[in-house]
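Heads up, the thing below is written out as structure tokens.
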Amino acid sequence: MPTYHIWTLGCQMNVADSLKLASGLDRIGWSESPDEGSADLFVINTCSVRQHAEDRAYGRLHQLRQQRQRGEQFQIAVMGCMVGPKTDDLQRRFPWVDVWARPQEYDPILTAAGVARDASEGEFWTETYGRPSGPTAYVPVVHGCDKFCTYCIVPLRRGRERSRPAAEVLDEVRYLAAHGVREVTLLGQTVEAYGHDLDEGADLATLFEGIEAIDGIVRTRFLTSYPKDMTDRIIDAVADLPKVCEHFNIPVQSGDDAMLERMRRGYTVAEYEERVEYIRKRMPHASLATDIIVGCPSETDEEFANTVALLERIQFDVIHVAAYSPRPGTFAYRKQVDDVPREVKRERLHVIEELHARSSSAINRQALGRQVEVLVEREQDGRSTGRTRGGQLVHFAGTGLVGQLVDVAVDEVTAWSLHGRLAGDLTLAVV
């Protein structure tokens, strides 16, 4: 039986794509090799958001070339965001790679695996879903992105926004529920854009409503959000539907209007704050996460100070921060000078990291001495780990609880997690 190994870099969307490819290869009679050195097909699912991720892919490709030079026989496939519409340059740099495949473009890999495909079949087996590896699973609902922020390569690699039919998404959620999944996370580069390109009148709230009726699923999450696409109807659905978690991941990227305009983000600070205000009006205890980029081209001290002020006003639960690095192919790479010194970027990065530690510590301290509901995701060495509805990571002593909702009494907190002990009986039995 031929074997494969998939090495995945990057975001949750890549994880979902890899799981789908694995299920498809299983379906045609291949088996997954836990030992990457003995697989007949080695697949690298790449990420291009940051240079570090591409460098890791390059390093692995050179390792695979060395294995080939030692006489080992296997095929090499590269998929994901590193692969654009044209692969001439990649083919020149890495001539030992057998297959190049864009995101969600599975046919070249299937052909390499010896599968004859008919283009009339459409997308790679729409009824083939990634096999779940635990009680949580990712479900891509809209691929691509139409936003074209100056610093981002994703729209150029993943293409324009393409929503999956609502019935297809719900079928996948039913499949996952039947295979032990308790929580699904609906994915999109800008997930609230779901349905804009469909004739059926569906939106993200439509999917929330459909999942409410699916037995076995106890929680629904969604990411990543975009302020201009986040309608009142979507926010109201999160507030009103019991299964949808009150957790919003809404990247702001900068707290300065001039910088947001240079980034081509498409909204102002005031518009962003209005969405946050409405969320907190409907759900006072909702958790909020955001993304920040420091050191973008021509970022001034005043612009950075405005970002710090915004973060202090809102007090996010989680702040993901990165220093700007130019990505070849983007507008910023071609038209904007990377003129903020590295040491300044590093200083600004540390300022945001320290602010995050303070704000998340203050928020987590509110859970001290209280009970929180946790969906247990994994266990190791006699301890279990899961998350609250708001996304807080929780560790506690106990085993045999994976996939169950439990109450945990919190007796210790850090900026990054809660720690406690099992409190009382399970809040919801396994379905």
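Heavy atoms only: backbone and side chains are in, while hydrogens, waters and symmetry mates are out.
- The only option from Val321, Val252, Asn249 that meets the side-chain contact (heavy atoms from CB on, under 4.5 Å) definition with Thr290 turns out to be Val252.
- Partners of Asp26 according to the side-chain hydrogen bond (donor to acceptor under 3.5 Å, both in side chains) rule, which considers only residues two or more places apart in sequence or in another chain, are Tyr4, Arg131.
- Ring-centre distance between Tyr175 and Tyr129: below the 6.0 Å cut-off.
- A cation-pi contact, defined as under 6.0 Å to the ring centre and within 45° of the axis, is absent between Arg68 and Trp96.
- For residues 184-203, the pairs satisfying salt bridge (Lys or Arg N to Asp or Glu O under 4.0 Å) are Asp203-Arg233, with sequence neighbours left out.
- Of the N and O atoms on the side chains of His419 and Ser417, at least one donor lies less than 3.5 Å from an acceptor on the other residue.
- Aromatic ring centres of Phe222 and Tyr194 lie farther apart than the 6.0 Å criterion allows.
- The distance between the ring centers of His395 and Trp416 does not fall below 6.0 angstrom.
- Between His62 and Tyr58, the distance separating the two ring centers is not shorter than 6.0 angstrom.
- Here Arg160 pairs with Asp146 under the side-chain hydrogen bond (donor to acceptor under 3.5 Å, both in side chains) rule; sequence neighbours left out.
- Judged purely by atom type and a 3.5 angstrom limit, Thr46 uses its side chain to pair as donor or acceptor with the backbone of Met82.
- Under 4.0 Å is where a charged nitrogen must lie from a carboxylate oxygen, and between Asp229 and Lys147 at least one such pair does.
- Proximity of a side-chain donor or acceptor of Lys243 to a complementary backbone N or O of Val218 within less than 3.5 Å is not detected.
- A donor-acceptor contact shorter than 3.5 Å is absent between the side chain of Thr87 and the backbone of Gln91.
- Qualifying side-chain contact (heavy atoms from CB on, under 4.5 Å) partners for Glu273, counting only residues two or more places apart in sequence or in other chains: Val269, Leu310, Arg313, Ile314.
- By the 6.0 Å contact criterion, CD on Glu271 is enclosed, its count of non-hydrogen atoms from other residues, nucleotides or ligands being greater than 12.
- Note on residues 70-81: pairs passing salt bridge (Lys or Arg N to Asp or Glu O under 4.0 Å), not counting sequence neighbours, are Arg70-Glu72.
- Scanning for side-chain contact (heavy atoms from CB on, under 4.5 Å) contacts around Arg387 gives Arg221, Glu377, Leu393, with sequence neighbours left out.
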